[in-house]
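This structure is a prediction, so every number in the text was calculated from the model and none was measured. We count ligands from 1, going down the list as the structure has it; atoms in each ligand are counted the same way.
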Amino acid sequence: MRKFIAAANWKMNCTKEQAKTLAEDLLAVSHTLDKRHRVILAVPYPYLIMVHDIVHSNEYYSVAAQNMHHEKFGAYTGEVSAPMLKSIGVEYVILGHSERREQHGETNALIRQKIDLAMEYGIKPIFCCGEPLEVRERGEQNEYVMNQLQESLFHLDGAHMKKVVIAYEPIWAIGTGKTATIDQAQEMHFMIRSKLIKQYDENVANSVSILYGGSVKADNAEALFNCPSVDGGLVGGASLIAADFEKIIEGLKR
Ligand code: 13P
């Protein structure tokens, strides 16, 4: 059965000291968690080992990288590979975040390559999808997101698909303070799960956690997470404030 997940995407924030304090503070809410829950901290590369060391003795916490390269090794100055992440105990990797798609020209095809590499190394992808504002305004968000899933994920067999976490992050809601409504989130998440059932089966579809991302805050998380098809959140800004992210963790379904 799928997990309910609170995932923090720290993006390019925090000094080493801030990262250490934040990770240590977040462990304080671990008593509210049980086997159905997971807290994932997607931290900048330089802090992966440190944060992994801080949280790894707690069974409900994991670290994630925010990206990885699509080749295994080689002359790619400044890049980080799947085998490197595997060798330091990283369990998850965010792939296809809209900031990487927009700022680094990542395509569905490139993200597919990264998905395959993550699978090869046993790192679970947190696959991000979501439409820009103009697509939402045209009412074409369902087709847009379906195409992202089709081109980057649906070549996987069921056993591999079960290892994927999907994060629906409408681009117009990221860092804007404009959250998708409960109805908008529920509709998209329901559609994604329905496609998983069609493409695979109920068993696979019920194993994949589908997170919502985009201006999740301490005061709206619980309502979003209470949508029947929403299994938690991928959180940017609010994950940098321990008290706020703790509240978001507490908002996970019980
Ligand atoms: P915000 O929570 O800051 O809107 O960011 C969402 C996001 O991009 C998480 O990956």
Inset, instruction - Check each protein residue for a heavy atom under 4.0 Å from ligand 1 and list those that pass, ordered by chain and number. - result: Asn9, Lys11, His97, Glu169, Ala173, Ile174, Gly175, Gly214, Ser215, Leu234, Val235, Gly236, Gly237

Legend entry - Pair listing, salt bridge (charged side-chain N to carboxylate O under 4.0 Å, His left out) test, anchored in residues 88-99, at least two apart: Lys11-Glu99, Glu91-Lys124

Legend entry - With sequence neighbours excluded, residues passing side-chain hydrogen bond (donor to acceptor under 3.5 Å, both in side chains) with Glu59: none

Legend entry - Between His189 and Asp231: side-chain donor-acceptor atoms closer than 3.5 Å: no

Inset, instruction - Check for a donor-acceptor pair, side chain of Tyr168 on one end and backbone N or O of Ile192 on the other, with a separation under 3.5 Å. - result: no

Legend entry - Residues clustering with Val165 (ILVMFWY side chains joined when closer than 4.5 Å, directly or via others): Ile5, Ile40, Tyr92, Ile94, Ile126, Leu211, Leu234

Inset, instruction - Could you check Arg101, Gln150, Gln148 and say which one makes a side-chain hydrogen bond (donor to acceptor under 3.5 Å, both in side chains) with Asn108? - result: Arg101

